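Comments concern the structure below.
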Amino acid sequence: PMMVGGLEEHYGFSRQSLGLFASADTLGVCLCGVAMFFLLARFPLRLLILTGLSGLFVLHFISIFISLPGPLTFVRLLAGFFGGMAYVSTLAWFAKLPQPAHGYANYIVVYSFYSAVLLVLFPFIIHEGGVVAGWTVLTVLAGLAWVIAWRLSWSETVATDSPQPEGQLNF
């Protein structure tokens, strides 16, 4: 939502353009939800998570250089898709952990913490550096998430007849 205000202030987007922009990410996530129904069964979760974060990183970076409403809205639609891919795949991975509630609870704590920090800092960042600074922060966060996901020790055990969780995530 703060990026929407920044686009109005710094680029002069019309109300209609802002509305399309604001809904583009959400539409991308929704479309991804449908796609993930098919992708989750066909690809390893780690690959889907890293692909989603890679796409998010690239599309946040591309957003830095776009100041026209139409192209930016399309890029944000794609960013929503890749963000949704990372999100859905991560939630699917949490479900495979021996204690899925702990994985999900840790996610909520980390997400809430960095969201609170951004809620305080983002208005200042956008006011001082414009939307380019906002996209830069989002690019850095996507890159950081990718590095963390890449560095995690992942193990998957295929147990077709076992009701036990199939995955383990070790730090």
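Small disclaimer: the values here were computed from a predicted structure and weren't measured. All values below were derived from every heavy atom in this structure, side-chain atoms included, with hydrogens, water molecules and symmetry-related copies excluded.
- Note that the OG1 atom of Thr90 and the CG atom of Leu48 stand 9.5 Å from one another [nearest 0.5 Å].
- Ring pair Phe21/Phe13 is perpendicular by interplanar angle, where above 60° counts as perpendicular and below 30° as parallel.
- The environment of Phe61 atom CZ is sparse: at most 12 non-hydrogen atoms of other residues, nucleotides or ligands sit within 6.0 angstrom.
- Minimum interatomic distance between Ile125 and Ala133 (heavy atoms only, all atoms of both residues): CG2-CB, 3.7 Å.
- For the pair Ser63 and Val75, the tightest heavy-atom approach, listed with the atom from each and the gap, is OG-CG1, 3.4 Å.
- Residues Phe57 and Leu53 are not in side-chain contact: their nearest non-hydrogen atoms beyond the backbone lie 4.5 Å or more apart.
- Residues Leu45 and Ser89 approach most closely at CD2-O, 3.9 Å, considering heavy atoms.
- Taking each heavy atom of Gly134 and Ile126 in turn, the nearest pair found is CA-CG1, 4.5 Å.
- Distance check: Ile108 CD1 to Tyr104 OH gives 3.5 Å after rounding to the nearest 0.5 Å.
- The OG1 atom of Thr139 sits 4.0 Å away from the CD1 atom of Ile64 when rounded to the nearest 0.5 Å.
- Looking at heavy atoms from C-beta onward, Leu78 lies out of side-chain contact with Ile62 at the 4.5 angstrom threshold.
- Shown are Val29, Leu59, Leu27, Leu72; of these, the side-chain contact (heavy atoms from CB on, under 4.5 Å) with Leu77 is made only by Leu27.
- Looking at heavy atoms from C-beta onward, Phe94 lies out of side-chain contact with His102 at the 4.5 angstrom threshold.
- Around atom CD of Gln16, no more than 12 heavy atoms belonging to other residues, nucleotides or ligands sit under 6.0 Å away.
- Taking SG of Cys30 as the start and CG of Asp25 as the end, the distance is 11.0 Å to the nearest 0.5 Å.
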